[in-house]
A.B. asks: 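Pasting a structure below so you can have a look.
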Amino acid sequence: MTTATTPRMTRNLPAVYRGRLMSLAHDVRYPPDTRLFNEGGRADHFWIVDSGAVALDMRVPGRRAAVIDSVGAGELLGWSWLYTPHSWRFGARTVGPVRAHEFDAAAVRRMCEEDPEMGRAIALWVGEAVARRLNAARTRLLDLYAPYGSGARG
């Protein structure tokens, strides 16, 4: 990792695992409107966003893809890399310029297999992101397509 700061998202990991994970990161930059991945594609990388935002979308039969959530600074982008069959559950496109820490998923999975306690910590960390993301997707889809919305807005 080339930056001196610790991404907010990794603070939930014990320091020893956080350091090992971040040792695999390399910094990337993407211009606005860059397609990072498509729903159903091979999930072989993931990112921790350093700055900027990424819109997550989902295919909806008979309609254009629906934006269901966004990922911003300090957040994990991509969780499908951890779970078989390692294919993206959503698509992602940068909203503006994005800087991020990128990880090779296979290398992180190998590290987790070699150290089961690290694997457990990573699985719990990613699981928290999955739960947040799925709840956001559910709420957004209800707002878009349910007769009375999700009710989350009051």
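Worth knowing before you read on, the calculation uses all heavy atoms, side chains too, and leaves out hydrogens, waters and symmetry mates.
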A.B. asks: Treating Ile, Leu, Val, Met, Phe, Trp and Tyr as nodes and any side-chain heavy-atom pair under 4.5 angstrom as an edge, say whether F90 and V95 lie in one connected cluster.
C.D. replies: no
A.B. asks: Taking only distance into account, with no hydrogens and no angle test, what donor-acceptor pairs under 3.5 Å do side-chain atoms of residues 65-72 form with protein atoms, sequence neighbours excluded?
C.D. replies:
from : atom 1 : to   : atom 2 : distance (Å)
D69  : OD2    : R133 : NE     : 3.4

A.B. asks: Using side chain to side chain contact (heavy atoms under 4.5 Å, CB included) as the criterion, list what pairs up with S51, not counting sequence neighbours.
C.D. replies: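 By the side chain to side chain contact (heavy atoms under 4.5 Å, CB included) rule, S51 matches R99.
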A.B. asks: Between V130 and R132, is there a side-chain heavy-atom distance shorter than 4.5 Å?
C.D. replies: no
A.B. asks: Compare all side-chain heavy atoms of M111 with those of M118 and state whether any distance is below 4.5 angstrom.
C.D. replies: yes
A.B. asks: Quick one: do V98 and R29 satisfy side-chain contact (heavy atoms from CB on, under 4.5 Å)? Show the steps, please.
C.D. replies: CA-CA 6 Å; V98 169; R29 293 175 186 259; over 6 Å; no
A.B. asks: Could you tell me whether the side chain of L24 reaches within less than 4.5 Å of the side chain of D104, counting heavy atoms only?
C.D. replies: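 No. Closest side-chain heavy atoms not under 4.5 Å.
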A.B. asks: For residues 32-49, which residue pairs qualify under salt bridge (charged side-chain N to carboxylate O under 4.0 Å, His left out), counting only residues two or more places apart or in two chains?
C.D. replies: D33-R93, R35-D57, E39-R59, R42-D44
A.B. asks: Can you give me the closest heavy-atom contact between L82 and A123, atom names plus distance?
C.D. replies: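 It is CD2-CA, 3.9 Å.
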A.B. asks: Go through the structure and list residues passing side chain to side chain contact (heavy atoms under 4.5 Å, CB included) with R64, not counting sequence neighbours.
C.D. replies: none
A.B. asks: What pair of heavy atoms forms the shortest contact from P31 to T94, and how long is it?
C.D. replies: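 Minimum heavy-atom contact is O-OG1, 2.7 Å.
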A.B. asks: Please examine the side chains of I48 and L77, heavy atoms only from C-beta on, and report whether any two atoms are closer than 4.5 Å.
C.D. replies: no
A.B. asks: For residues 105-117, which residue pairs pass the salt bridge (charged side-chain N to carboxylate O under 4.0 Å, His left out) check, not counting sequence neighbours?
C.D. replies: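 Salt bridge (charged side-chain N to carboxylate O under 4.0 Å, His left out) check on residues 105-117 returns R20-D115.
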A.B. asks: Taking all non-hydrogen atoms of both residues, which atom of D50 and which atom of A73 are closest, and how far apart?
C.D. replies: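 Answer, listing the atom of D50 first, then A73: O-CB, 3.4 Å.
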A.B. asks: Could you see if L124 belongs to whatever hydrophobic cluster contains V16? Use Ile, Leu, Val, Met, Phe, Trp, Tyr and a side-chain cutoff under 4.5 Å.
C.D. replies: no
A.B. asks: State which residues pass ring-ring contact (aromatic ring centres under 6.0 Å, His included) with F46; sequence neighbours excluded, sorted by chain then number.
C.D. replies: W81, F103
A.B. asks: With no hydrogens and no angle check, is any side-chain donor or acceptor of T34 less than 3.5 Å from a backbone partner on Y30?
C.D. replies: no
A.B. asks: Using the side chain to side chain contact (heavy atoms under 4.5 Å, CB included) criterion, which residues pair with P85? Sequence neighbours excluded.
C.D. replies: S87, R89
A.B. asks: Sequence neighbours left out, what passes ring-ring contact (aromatic ring centres under 6.0 Å, His included) with F37? Give chain and number order.
C.D. replies: W47, W88
